[in-house]
Amino acid sequence: MNTLINGLHHVTTIAGEAQRNVDFYTHILGLRLVKKTINFDAPDVYHLYYGDETGSPGTIMTFFPYGRLPRGRKGTGQLTYTAFTIPTAALGFWINRLHAQNVAVSAPQKRFDETFIRFEDFDGMGIELVTSDADARTGWATGPVEASLAVRGFHTVTLNEANPDATIRLLTEQMQHRLIAEEAGRFRLAAGNGTPGAFVDVQHSPGELRGQQGAGSVHHVAFSTDTNETQLEIRQTLEEAGYMPTEVLDRNYFESIYFREPGGVLFEIATNPPGFAADEPVATLGRDLKLPEWYEPRRAQIEAKLPALNY
Ligand code: ZN
């Protein structure tokens, strides 16, 4: 059988103020701003992408910073925590760094024999750093965060579900995931090579309120597929199982289909090509505002409405 899903591709979140978002993800977390563009469906709002040097699939955190916006609420039918990998030896560095930046961080906790810490970004989005030395990816080196300590990319996303069974069935029967572990109502599923960046945790959350969208809440999670052909193949599989994936949409840096999983989380399947170097060199990724060609004629009006960003 062809590999149709490799693991995670990106996570997209609703944010508040753009500058605070840039400060958190570049300065504090040390990711690279790899693309500064607009929300293709709402061109007066940025779409900011952060990741490793090139924005590799499985490292990409993206945001729509809407400005002043009430906070969302974590709950069922939502992706509640996005976990990134750090090297085991970097744990103390990150605890100290987050404290020094006035980010409230949990004590180290254990899950599936791995240690992690938990905190929130300035808008309340849930983040975890999981220690793992099984992650061979290279992090983005910045002034305060050298390469040996840097965040490597995604480890896991956690979906809170009132009824986990239907979501687990979708992931295992249509989306090529395997159930690999269970602990305290948390079901870990793995895709592809089963390394960090290819994990989804379905957290059984009985009695929890449904999540509410707002600043700090995740809009959707995207899974990675290799080509347009594998994307059409998974699309057909989903349709045959009764899901209603969208047509293929051109997102400039990947092509996408979207559908809602049974618990309510919006899923996307995104192609790995063409990637973020499609319209600017790797060396200067994220420096200039990039627009899809159909918005270029309106560049002046669009730029005038967007806040200036320092980074
Ligand atoms: Zn997306």
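Counting begins at 1 with the first residue of the sequence. Side chains are part of it too, since the values below use all heavy atoms of this structure and drop only hydrogens, waters and symmetry mates. When a ligand or atom number is given, it counts from 1 through the structure's own listing order.
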Does the side chain of His155 come within less than 4.5 Å of Phe199's, by heavy atoms? yes

Okay, side chain of His99, backbone of Arg97: is any donor-acceptor separation there less than 3.5 Å? no

Any sub-3.5 Å donor-acceptor pair from Gln231's side-chain atoms to Glu255's backbone N or O? yes

Looking at Glu268, the N, O or S atom sitting nearest the Zn ion (ligand 1) is OE1

Presence of salt bridge, Glu208 and Lys74, under 4.0 angstrom: no

Looking at the Zn ion (ligand 1), is one of the N, O or S atoms of His220 less than 2.8 Å from it? yes

For the Zn ion (ligand 1), decide whether His10 has an N, O or S atom at a distance under 2.8 Å. yes

